[in-house]
*Asks:* 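Dumping the structure here so I can ask a few things about it.
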Amino acid sequence: MNTDNSTTRLDFIRAIVAEDTKTKKWDARVVTRFPPEPNGYLHIGHAKSICLNFGIAAENKGGLCNLRFDDTNPTKEEGEYVEAIKEDVRWLGFDWADRLYFGSDYFEQMYECAVGLIKAGKAYVCDLDPEQMREYRGTLTKPGKNCPYRDRSVDENLDLFERMRAGEFEQGFRVLRAKIDMASGNLNMRDPVMYRILHAEHHRTGDKWCIYPTYDWAHGLEDSIEKITHSICTLEFENHRPLYDWFLDELDVYHPQQIEFARLNLSYTVMSKRKLQQLVQDGLVSGWDDPRMPSICGLRRRGYTPGSIRNFCKRIGINKFNSTVDIALLEHCLRGDLNKTSPRVMAVLRPLKVIIDNYPQDQVEELEAVNNPEDASAGTRKVPFSRELYIEQEDFMAEPPKKFYRLAPGREVRLRYAYFITCTDVVKDAGGQIIELHCTYDPATRGGDAPDGRKVKSTLHWVSAAHALEAEARLYDHLFSKENPDDVAEGEDFKSNLNPNSLQKLSSCRVEPSLGQAKPGQRYQFERLGYFCVDTDSSEGKLIFNRTVTLRDTWAKIQKAQKKKR
RNA sequence: UGGGGAAUAGUGUAACGGUAGCACGACUGACUCUGAAUCAGUUAGUCCAGGUCCGAAUCCUGGUUCCCCAACCA
């Protein structure tokens, strides 16, 4: 039974693609591309675009999606980002096969095209400096005016452009502009710059070039050269579409269709490259791969699965208006995936010692535990049980409030896969802090069931004190404490909304011995606590776990509600 | 009198002139050796005002609100 009707309900972009395929607009070809600029790391907003572009290609017979680096600005871009981006796209589960391209590979062709445009009288070399150009451009409400260089002869333009390429001029002096319309209501059409002089080393072309194409000039050409059918980009490029079309029309070359969709916004986090960069630079997070970051590498380190991110991207839809998706949906997708695949294990985050007074002093039993109730093939494992154990501090209350049905004085609970125990005594230190519990166990309940059929209200996780491994756990919460981090008081910025409790490190956790071999990246469910994965900082001698996401926690909600009442 | 986009439950999205549906969240309840998962249910919506029509989220008119654009960034 498949009630997933997402395949029959097409978003507006897929609808366009389907229609074009039907009418054979592009000879029934479907070719998309994901065109990152290698000047930073990918984040989950990029994942939306990646899933869209690679997804559309995969859903259509013979469809292709290229990975193309839009590397037209050597002052901002670096080769190191290229590898990181490739790794992230691959990790997300997409394959560009042999179609890895770079805008810089087309520089020569672009140059030839520009020469053609000059010859056609559609482009000219302009000597205005940036400030003058701004003045000539006009404003949103006032038309611009033609610059004095607009009517240079074709020969003069050709000569100057050639000399720009030859490196005769200083950086910032002289640009090549398209001759369109200085009075256009669309500022992008007011004779946009096509080439600027940049005496900078390019990560791929080295010092071969000192003029570089701007986005508007380069992007459509890149799409055209690669015979892209649907050039999908974000909303802010809508104003650029007339220019995209103008260039390709004037050049009279293959002309893809540009389609714009809305970026992803997520509650409790920021998505702009600039802001994320700032968090890294200011040391407010440990790096781009800090598990609290919405970057792909951050999510990966946190323990997110590629499948959960893909599923999320499928469910948020595609539209043309700004919206903010509740991060709870991302977490829902994550839990859904992790629940099916994560081996269960017992770990105690904040240990409280329990002594089973009537359990033989040096006896150890190996009790059988289920690895994954969602997956019978995951099998079972043995967990050691002994007289001294640790349970979770919050699983005991000396004076239990209503609806607390874990351990309390005189109360009987089950230790998972082990025995029923009853609390007989509470030991406190001088300061009144509970330091250990004394309990008795019922030998007849071995394995966790009472032969007389009596029930207990709750089941606790535990570890054997002598056998447990010490570990560190890093508990994460939302990076920002406000749903919209940009919602700030006058004079403040988004950083003032950082959640001071977004990271909590617990260094004296105890985990069951089966975790001794755990390798970085491996994911587990710590029963009753959440999903955890081994951090890259972890080593054989020092286990470190990241809490990927908590389990849904009804008790926490009840507590919250009770607190509110008071 | 700049130009371009867009408005559907708290959130995200369907419905393309014919019963406003789905998911997340929240709230009930069932089940439970994870207060998890699972299952059942409740909650709540067409930006506003007119108009066309037997019938409007959808078409028309006029408003309102929000987003993008004045880099030699992408």
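Note on naming: letters A, B, ... go to the chains in the order of the sequence lines (proteins, then strands), and numbering restarts at 1 for each one.
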*Asks:* Using a cut-off of 4.0 Å on non-hydrogen atoms, how would the nucleic acid contact of Lys557(A) be classed: base, sugar-phosphate, or nothing?
*Replies:*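 Result for Lys557(A) = sugar-phosphate.
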
*Asks:* Which residues pass the ring-ring contact (aromatic ring centres under 6.0 Å, His included) test with Tyr41(A), not counting sequence neighbours?
*Replies:*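 For Tyr41(A), the residues satisfying ring-ring contact (aromatic ring centres under 6.0 Å, His included) (neighbours in sequence not counted) are Tyr81(A), Trp288(A).
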
*Asks:* Is there any protein nitrogen or oxygen under 3.5 Å from a nitrogen or oxygen in nucleotides 64-66 of chain B, and what are the pairs?
*Replies:*
none

*Asks:* Asp191(A) has an atom CG; how far is it from atom P of rA70(B), in whole Å?
*Replies:* 16 Å

*Asks:* Could you check whether Asn39(A) gets within reach of a base, just the sugar-phosphate, or nothing at all, counting any heavy atom under 4.0 Å?
*Replies:* nothing

*Asks:* Assign Tyr136(A) to base, sugar-phosphate, or nothing according to its heavy-atom contacts below 4.0 angstrom with the strands shown.
*Replies:*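 Tyr136(A): no heavy atom of the nucleic acid under 4.0 Å.
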
*Asks:* For RNA chain B, just give me the dot-bracket, please: Watson-Crick or G-U, both distances below 3.5 Å, ( ) intra-strand, [ ] crossing earlier pairs, | paired with another strand, . unpaired.
*Replies:* .((((((..((((....[..))))((((((.......))))))...(((((..]....))))))))))).....

*Asks:* For nucleotides 37-40 of chain B, give me every protein contact, N/O to N/O, under 3.5 Å, one pair per line with atom names.
*Replies:*
{"unit_1": "rA37(B)", "atom_1": "OP2", "unit_2": "Arg552(A)", "atom_2": "NH1", "d": "3.3"}
{"unit_1": "rA37(B)", "atom_1": "O2'", "unit_2": "Asn339(A)", "atom_2": "ND2", "d": "3.0"}
{"unit_1": "rA37(B)", "atom_1": "O2'", "unit_2": "Glu374(A)", "atom_2": "OE2", "d": "3.1"}

*Asks:* Would you say Phe321(A) stacks on rA6(B), if stacking means ring centres under 5.5 Å apart and planes within less than 30 degrees?
*Replies:* no

*Asks:* Which nucleotide sits closest to the side chain of Arg137(A): rG2(B), rU34(B), rA71(B)?
*Replies:* rA71(B)

*Asks:* Tell me the interatomic distance from Leu128(A), atom CG, to rA71(B), atom P, rounded to whole angstroms.
*Replies:*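 For the pair Leu128(A) CG and rA71(B) P, the rounded distance is 14 Å.
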
*Asks:* Base, sugar-phosphate, or nothing for Thr141(A), non-hydrogen atoms under 4.0 angstrom?
*Replies:* base

*Asks:* If you only use heavy atoms from C-beta on, which nucleotide in rC24(B), rA74(B), rG35(B) is closest to the side chain of Tyr405(A)?
*Replies:*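 Ranking rC24(B), rA74(B), rG35(B) by closest atom to the Tyr405(A) side chain puts rG35(B) first.
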
*Asks:* Name the nucleic acid region contacted by Ser458(A), choosing base, sugar-phosphate or nothing; use a 4.0 angstrom heavy-atom cut-off, strictly under.
*Replies:*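 Nothing: the residue Ser458(A), judged by heavy atoms under 4.0 Å, touches no strand.
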
*Asks:* Give me the distance, rounded to whole Å, that separates rC66(B) from rU61(B) when you measure between the P atoms they each carry.
*Replies:*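 Going atom to atom, P in each nucleotide, I get 23 Å.
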
*Asks:* For the residue pair Arg165(A) and Tyr111(A), would you count it as a cation-pi contact if the rule is NZ or CZ under 6.0 angstrom from the ring centre and within 45 degrees of the ring axis?
*Replies:*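 Yes, Arg165(A) lies over the aromatic ring of Tyr111(A).
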
*Asks:* Quick one: list whatever passes ring-ring contact (aromatic ring centres under 6.0 Å, His included) with Phe102(A), sequence neighbours left out.
*Replies:*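 Expected list: Phe69(A).
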
*Asks:* Can you sort out which residues in residues 232-247 of chain A have a heavy atom within less than 4.0 Å of RNA chain B? Ascending by number, please.
*Replies:* Glu236(A), Phe237(A), Glu238(A), Asn239(A), His240(A)

*Asks:* If you look at every strand shown and take non-hydrogen atoms under 4.0 Å, does Arg134(A) touch a base, only sugar-phosphate, or nothing?
*Replies:* sugar-phosphate

